[in-house]
Structures are given as C-alpha cells and as structure tokens.
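FYI, side chains are in, hydrogens and waters are out, and symmetry mates aren't considered; it's all heavy atoms of this structure. In this chain, numbering begins with 1 at the start of the sequence shown.
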Amino acid sequence: MLLAALPLLFAVASAALVKPVDPPASNYAGATSSAVFPPPGASGSALASYFPGASEVGYPGPTPTGDEAAAIETAPPSYMESVYPLSDPLPSGPETPGFDVIRYWGNLSPWYSVPSAAQGLPYASPQVPTNCSITQVHLLHRHGARYPTSGSGPANFAAKLHASVVNGTGFNASGALAFLASWEYKLGAEILTPFGREQMYDLGVGFRVKYGKLLKGFTQLPVFRTTSEDRMLNSALNFAAGFFGAQTFTQDYYQSIIIEASGYNNTLAPSNACPNNNGPIGSIGDSLENDWIAIYLTPALERISPFLPGLNLTVSDIYSMQQLCAYETVALGFSDFCGLFTQEEWEGYEYSNDISFWYNNGPGNPTSAAMGLGWVGELVSRLTQEPITGPLAEVNTTLANDATFPLNQPIYVDASHDTVISAILTTMNMTSMTRTGPLPTDHIPYDRSYIVSQIAPFGSNLVGQVLSCPASSTPTHIRWILNDAVLPLTGIQGCAEDANGLCELSTFIAAYKQRLTEVDYDFDCYASYTTPSPDAILDGQFPAYLRNGTV
C-alpha cells in the first residue's frame with residue numbers, strides 16, 4: 001500500500017511547487033461604475049396621500065424646549081477624533097506608534113482636532129478662557145468630503161487601466177495589486193460623499209452645543225452664506241440640519257446662496273474675479289509639487305510596477321493610487337490602495353500637498369492675500385457694524401445689503417473651499433504657519449509649520465471668538481481657532497503675545513483696517529509680472545521692491 005501511494009504523494013508535492021498563474025484582468029477592470037438613487041421613474045408624490053406629515057398625524061408627545069447649550073464656556077474641551085464609519089487604513093510595513101495614515105492626506109484628510117501646541121500655544125484651549133464670556137462667533141468652514149474633481153488623476157488612472165483591457169493588450173495583476181484584476185472605479189465627481197454629509201451634520205450639531213447660547217441674541221432669523229456649487233450648498237444645508245434640527249431647519253434661518261461662476265464676485269469663491277490667480281501665476285506650485293513627487297515616489301514605482309506587467313506605470317499613476325486611497329476611503333469606507341504605501345511614502349504624500357498649497361494658495365503665491373481680501377473686508381464690516389459702501393476686492397456689492405449681509409448677528413456662518421481658507425489665513429497674516437519659511441522641494445524640513453491636513457482638510461473650520469474679558473456684555477477681545485487649535489495673533493500689528501491667543505478687539509480692528517490698504521488687489525490680480533525664482537514670498541503678495549517696471 002505504501003508503494004502504491006508514492007505516485008500520488010509525488011504528484012501532490014509537485015503541484016505544490018508550481019507557481020500559480022495570475023488570471024488576466026477582467027474585461028471590466030478599471031471601468032467606471034455608478035448608481036442612481038432614487039431609482040429612475042420613482043416619484044415621491046404618487047403615494048404621498050398614504051404618508052401624511054407629522055402635523056397631520058399629530059400626537060407628538062411632550063415637546064418642551066430646554067435652554068441653549070454653551071459648552072464652549074461651561075464644559076471641559078471635547079475634540080474631534082472619530083472618522084466613523086470609515087475603516088482605519090494601515091500602511092505597508094512597519095509604522096511608528098501613533099502614526100495614522102488618514103491624517104497624512106493633506107486637503108483630502110477628514111478634519112481632526114489639532115493641538116494648540118502645533119501653533120505655538122501649548123497651554124491654550126478652544127474653551128473660553130476663565131473670567132471671559134463670549135458675545136459673538138464667526139465660523140468659516142470648508143465643505144465636507146467629496147468625490148474627486150472632474151478629470152483628475154484617479155479617473156485618468158482608471159481610464160488607462162480599462163483602456164488596456166478594451167484595446168486587447170490587457171495586464172496581469174499579482175501580489176499587492178491583484179485586486180486590480182477586478183477593480184472598478186466607483187467614484188463620482190465633485191459632490192459630497194455620504195461621509196461628507198455626516199461631517200457637515202456633525203459640525204452643525206457640535207456648533208449648536210458649543211455656541212447655542214448666542215441664538216438668544218437674535219431678534220430676526222439668522223443669515224448663513226454659501227456658494228451655489230452643489231457640494232457647497234449641500235454642505236451648508238447639512239450643517240444647518242445639524243445646527244437647527246432636521247425637521248424645522250428650513251424655517252429657522254435664511255440661506256444666502258452666492259453664485260460661484262466666472263463673472264460673479266464672491267468672497268467665498270474669489271478666484272473667478274482674479275485673472276492672475278486663474279492663470280499660470282495661480283498654479284506655480286504644480287511644477288514644484290511634481291519635482292517632489294518624482295523624488296519620493298520613484299522607489300515606490302520600482303517596487304510596485306512588477307506586480308502589473310502589461311501596463312506601463314508612471315510616477316503619476318502611483319500618485320493617483322495614493323489619491324485613490326483617500327478618495328475611496330471617504331466615499332466607500334475602505335480602499336485596497338492604502339496598504340500599498342509605506343509610512344515614509346504617506347509622509348511624502350502629505351508633504352506634496354503642503355508644497356502645492358504653499359505655492360498655489362498660501363503664503364508663497366503672490367495672489368493669495370488678494371484672494372482673501374474680500375472676506376477679511378467683510379469681517380471688518382461685521383465687527384464694526386459699518387456697511388461696505390463701495391467696491392472691495394471680490395465683495396459682491398449687490399448682496400452687501402441689510403437683508404443678505406446683516407451686521408448685527410451674534411453668529412455668522414460662511415461655507416467655502418480649502419483653497420479659499422488657505423488664502424484667507426494668508427490675508428489675515430497668521431504668521432505661526434510661516435514660521436519655518438518657504439518649503440523646499442527636495443526634502444521634508446524638520447518641524448515645518450505649514451501642514452495642509454491641519455489647515456484645510458475636509459470639514460476644516462476657522463472660528464473667531466469675540467469675547468468680553470472680564471465677562472460682561474461689552475466685547476473687548478477676539479481670538480481665532482483653526483480645527484480646535486488656538487492661533488497666536490502676534491503677526492497682527494499691535495496684538496501682543498498672549499497664552500490664550502487673545503488680542504484686544506479695538507487693536508485687531510485697527511490692524512485689519514490697515515491690512516485692507518496694504519494688500520494691492522489690483523496689482524496682484526491684474527498686473528503683468530513673473531513670480532520671483534526662487535520664490536521666497538511669505539505674505540501672499542508680490543514683493544513691493546520688485547513692482548517697478550513689472551507692468
């Protein structure tokens with residue numbers, strides 16, 4: 001019996017030594033997949049008579065309203081830590097304790113609470129300082145997580161993958177890339193993902209819990225502002241649903257929707273009014289970012305390419321894979337692309353975003369201060385209750401009236417974009433972010449002060465607290481908090497160092513009135529000039545000493 005079994009044993013052992021052949025890619029690999037809901041043809045009105053509304057049904061039970069919360073004054077700090085229901089991605093290989101991939105996606109990271117120590121104020125808290133009270137709050141927030149912009153790298157990579165199977169060349173995916181053999185591109189374009197809607201709803205709830213007390217100061221319904229772009233409007237509406245309540249929010253406030261398109265002034269989408277920002281000057285960071293991408297991702301290209309024979313991968317493709325990790329996670333909850341990259345490569349990806357924003361939308365671009373000038377002018381108008389009476393940067397003067405731009409609100413809420421928040425912080429001269437100077441493109445500097453995932457992630461929120469210190473009904477001070485990190489205001493003329501980031505309100509207003517005259521909007525947006533090389537700009541303006549003879 002033993003001799004008879006030997007051939008069978010030999011056959012099994014031989015089979016175990018044969019390397020399995022990776023199946024060729026499916027004919028739908030890389031194809032775009034989408035879904036439409038509600039189903040085409042479905043109508044909410046056909047059966048409406050069977051589903052009466054709450055007011056018709058009646059019997060709501062007890063509905064007494066409690067007092068407004070004021071957690072920003074009365075409660076210990078609470079911080080944003082959760083990305084539920086997203087899966088927590090892991091890098092390839094080892095990682096240092098505390099490393100979190102999802103915080104290294106630059107402007108594609110979900111917002112999280114940043115410690116004030118990161119901005120140089122280790123003892124500051126977003127909670128109102130002892131012996132102070134809050135009298136007014138200004139919120140500028142980014143939209144929630146979205147799908148990629150149209151025609152971006154992830155969609156182009158998917159099209160390249162699918163074209164290879166459609167035109168007959170095909171590819172074999174193995175190892176870490178084996179999933180690509182049956183992978184489909186399931187991302188839409190531009191609009192909010194379900195997680196993005198959750199972010200905005202949660203931001204609204206959190207803002208009500210922190211600042212709800214200020215609603216007592218309204219004598220008429222609040223006016224909040226956003227732009228007309230789909231993701232912007234839906235961010236604003238989801239925020240309002242969280243802040244006011246889903247059942248009544250449409251009756252609880254007015255939503256100002258400002259057109260976001262070429263030919264329209266809009267401080268929440270200002271680039272349309274600035275030709276230089278829309279041209280080569282506004283994208284000087286692209287080539288600098290690509291220089292860095294070529295450095296940090298070439299080893300990854302060499303490591304990953306053998307897993308995809310038949311497809312000529314480029315560094316741009318590898319970069320698109322990193323973007324796909326971020327976009328698929330915030331859209332679908334998980335992405336196989338995340339585990340392809342090491343901790344060092346994710347740190348490199350984050351830094352690529354920092355370079356892009358610094359030189360395109362931040363302190364290193366000569367149009368950035370001009371981009372934020374209109375909103376800063378509106379801020380001064382709100383703080384002083386002095387109306388804007390003439391042209392000012394990107395301010396839409398048609399809407400600068402008592403109805404659509406009231407000046408007596410205890411709460412202001414504006415929804416905008418990541419690039420705009422970055423520009424506004426430059427206009428505001430928040431010098432804690434420029435402390436370590438311009439960003440090099442050949443290495444990641446130690447202890448850099450400009451990190452986009454902390455400045456303009458999905459759901460980023462900049463909060464201005466107008467305070468009375470000591471507590472009274474008269475405002476005396478102001479301070480600014482970015483994603484829960486208190487910002488030092490020492491870059492603002494007259495504002496002294498303060499452990500809590502406070503500046504006297506009168507000093508702040510005077511400094512910003514001066515700032516409005518310092519930024520040469522017409523020159524930076526319309527003059528003919530070339531950005532200096534190397535670009536050592538720190539304040540978002542074309543250097544004054546170079547202006548003669550540039551027009």
Within 45° cone and under 6.0 Å: R103 NZ/CZ vs Y112 ring:
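Because its charged atom sits under 6.0 Å from the ring centre and within 45° of the axis, R103 does stack over Y112.
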
When the ring planes of [X] and [Y] are compared, do they come out parallel, tilted or perpendicular, using 30° and 60° as the limits?
X: F224; Y: F243; answer: perpendicular
X: H143; Y: H417; answer: perpendicular
X: Y104; Y: F99; answer: tilted

Check for a donor-acceptor pair, side chain of [X] on one end and backbone N or O of [Y] on the other, with a separation under 3.5 Å.
X: K160; Y: N312; value: yes
X: D535; Y: T531; value: no
X: Q465; Y: P126; value: yes
X: D484; Y: I481; value: no
X: S381; Y: E386; value: yes
X: N365; Y: Y359; value: yes
X: S305; Y: L301; value: yes
X: T434; Y: G437; value: no
X: Q199; Y: A145; value: yes
X: S116; Y: A485; value: no

Apply salt bridge (charged side-chain N to carboxylate O under 4.0 Å, His left out) to R197 and list each qualifying residue two or more places apart in sequence or on a separate chain.
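If we apply the salt bridge (charged side-chain N to carboxylate O under 4.0 Å, His left out) test to R197, skipping adjacent residues, there are no hits.
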
Contact summary for [X] and [Y], nearest pair of heavy atoms:
X: P488; Y: L121; answer: N-CD1, 3.6 Å
X: V315; Y: T298; answer: CG2-OG1, 4.1 Å
X: I259; Y: S228; answer: CA-OG, 3.6 Å
X: S453; Y: S109; answer: CB-OG, 4.0 Å
X: N277; Y: S271; answer: OD1-CB, 3.0 Å
X: W105; Y: Y349; answer: CA-CE2, 3.6 Å

Kindly check if the number of other-residue, nucleotide or ligand heavy atoms within 6.0 Å of [atom1] ([X]) is above 12?
X: Y254; atom1: OH; value: no
X: E344; atom1: CD; value: no
X: D442; atom1: CG; value: yes
X: E518; atom1: CD; value: yes
X: Y253; atom1: OH; value: yes

For W292 and Y319, I'd like to know if the aromatic rings sit close, meaning centre-to-centre distance below 6.0 Å.
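W292 vs Y319: aromatic centres not under 6.0 Å.
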
Centroid-centroid distance, F523 to Y529, less than 6.0 Å
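So the answer is yes for these two rings.
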
In sequence, state the C-alpha distance, the side-chain angles, and the governing distance for Y351 and W346, and then conclude on ring-ring contact (aromatic ring centres under 6.0 Å, His included).
CA-CA 9 Å; Y351 189 59; W346 281 120; over 10 Å; no

Working to the nearest 0.5 angstrom, can you tell me the gap between [X] [atom1] and [Y] [atom2]?
X: C525; Y: L373; atom1: SG; atom2: CG; value: 9.0 Å
X: S235; Y: M200; atom1: OG; atom2: CE; value: 5.0 Å
X: E350; Y: I444; atom1: CD; atom2: CD1; value: 7.5 Å
X: W375; Y: L140; atom1: CH2; atom2: CG; value: 5.0 Å
X: I318; Y: F337; atom1: CD1; atom2: CZ; value: 10.0 Å
X: T193; Y: Y147; atom1: OG1; atom2: OH; value: 6.5 Å

D447 and R435: CA distance, side-chain angles, deciding distance, salt bridge (charged side-chain N to carboxylate O under 4.0 Å, His left out) verdict:
CA-CA 10 Å; D447 188 34; R435 172 178 53 85; 3.3 Å; yes

Would you say the side-chain atoms of [X] and [Y] include a donor-acceptor pair closer than 3.5 Å?
X: S287; Y: N290; answer: no
X: E289; Y: W358; answer: no
X: D524; Y: N276; answer: no
X: T436; Y: S449; answer: yes

Are E260 and R231 close enough, and set up right, to give a salt bridge (charged side-chain N to carboxylate O under 4.0 Å, His left out), and what steps lead you there?
CA-CA 12 Å; E260 181 174 348; R231 66 178 178 270; 5.9 Å; no

As a quick check of understanding, evaluate side-chain contact (heavy atoms from CB on, under 4.5 Å) for T267 and N396, giving each step before the final call.
CA-CA 7 Å; T267 58; N396 189 321; over 6 Å; no

Worked verdict on R142 versus N461 for side-chain contact (heavy atoms from CB on, under 4.5 Å):
CA-CA 6 Å; R142 187 190 177 193; N461 48 98; over 6 Å; no

Would you please test E378 and L407 for side-chain contact (heavy atoms from CB on, under 4.5 Å) and show each step?
CA-CA 10 Å; E378 291 175 334; L407 299 177; over 6 Å; no

Hey, mind stepping through D414 and R382 against salt bridge (charged side-chain N to carboxylate O under 4.0 Å, His left out) and telling me if it holds?
CA-CA 13 Å; D414 289 341; R382 287 166 165 174; 3.0 Å; yes

Assess whether side chain to side chain donor-acceptor pair (under 3.5 Å) is satisfied between S356 and N353, documenting all intermediate values.
CA-CA 5 Å; S356 173; N353 284 267; over 6 Å; no

Steps toward side-chain contact (heavy atoms from CB on, under 4.5 Å) verdict (H141, L462):
CA-CA 6 Å; H141 70 85; L462 176 66; over 6 Å; no

Stepwise, does the side chain to side chain donor-acceptor pair (under 3.5 Å) test hold for N429 with D539?
CA-CA 7 Å; N429 207 30; D539 62 356; over 6 Å; no

Derivation and outcome, salt bridge (charged side-chain N to carboxylate O under 4.0 Å, His left out), residues R146 and E190:
CA-CA 6 Å; R146 57 163 172 79; E190 313 281 354; 5.7 Å; no

Assess the residue pair Q119 and S432 against the criterion (side chain to side chain donor-acceptor pair (under 3.5 Å)); give the C-alpha distance rounded to whole Å, side-chain angles, the decisive distance to 0.1 Å, and a yes or no.
CA-CA 6 Å; Q119 296 294 339; S432 62; 2.6 Å; yes

Quick one: do N361 and S422 satisfy side chain to side chain donor-acceptor pair (under 3.5 Å)? Show the steps, please.
CA-CA 6 Å; N361 315 109; S422 176; 5.7 Å; no

